[in-house]
Amino acid sequence: GFKEKGLGFFARYISPSPLFLPINILEDFSKPLSLSFRLFGNVVADEIVVSVFCLLVPVFIPLPVMILGIFASSVQALIFATLSAAYIGESIE
């Protein structure tokens with residue numbers, strides 16, 4: 001990271017050519033943004049599915065879907081943590 005390399009850390013933005021500077025800066029912002037959109041979309045989709053099932057069959061059908069939603073949310077949290085750690089590790093290198 002910046003602590004080890006000093007100002008040489010910013011050389012990675014212009015490594016192949018200075019023309020790539022805007023693209024490399026955009027890449028640093030697009031990774032966490034896309035990760036956030038993915039997590040938000042999956043959470044909202046789960047809530048919409050549960051809401052629709054609650055409207056259609058209000059007693060027994062939503063319970064297994066809610067349990068599946070808890071499982072899917074756990075998997076999404078694991079993926080979010082893994083990709084965040086990978087992005088942080090990549091930026092530190």
Under 3.5 Å: donor-acceptor pair, side chain of N42, backbone of R38: yes

Open item on the list: Membership question, hydrophobic clusters at under 4.5 Å side-chain separation (ILVMFWY): are V75 and L83 in the same one?
Closed with: yes

Heavy-atom nearest pair, I25 first then F29, reads O-CD1, 3.2 Å

same_hphob_cluster(F40, V49) at 4.5 Å side-chain heavy-atom cutoff: yes

Check your understanding: When clusters are formed by joining ILVMFWY residues with side-chain heavy atoms under 4.5 Å apart, either directly or through shared neighbours, do M66 and L56 land in the same one?
Key -> yes

Test side chain to side chain contact (heavy atoms under 4.5 Å, CB included), reference I48, set V50, V44, D46, output is V44

A quick test of your reading: do over 12 heavy atoms of other residues, nucleotides or ligands sit less than 6.0 Å from OH of Y87? yes

Next on the checklist: Side-chain heavy atoms nearer than 4.5 Å, only ILVMFWY residues, links allowed to pass through others: does that put L21 and L26 together?
Outcome noted: no

Margin query: Side-chain heavy atoms nearer than 4.5 Å, only ILVMFWY residues, links allowed to pass through others: does that put L68 and F53 together?
Written below: no

Under 3.5 Å: donor-acceptor pair, side chain of S30, backbone of E27: yes

Closest non-hydrogen atoms of I14 and N24, given as atom of the first, atom of the second and distance, are N-ND2, 4.4 Å

| query | Can S84 and K31 be said to form a side-chain contact (heavy atoms from CB on, under 4.5 Å), step by step? | reply | CA-CA 9 Å; S84 295; K31 284 181 181 180; over 6 Å; no

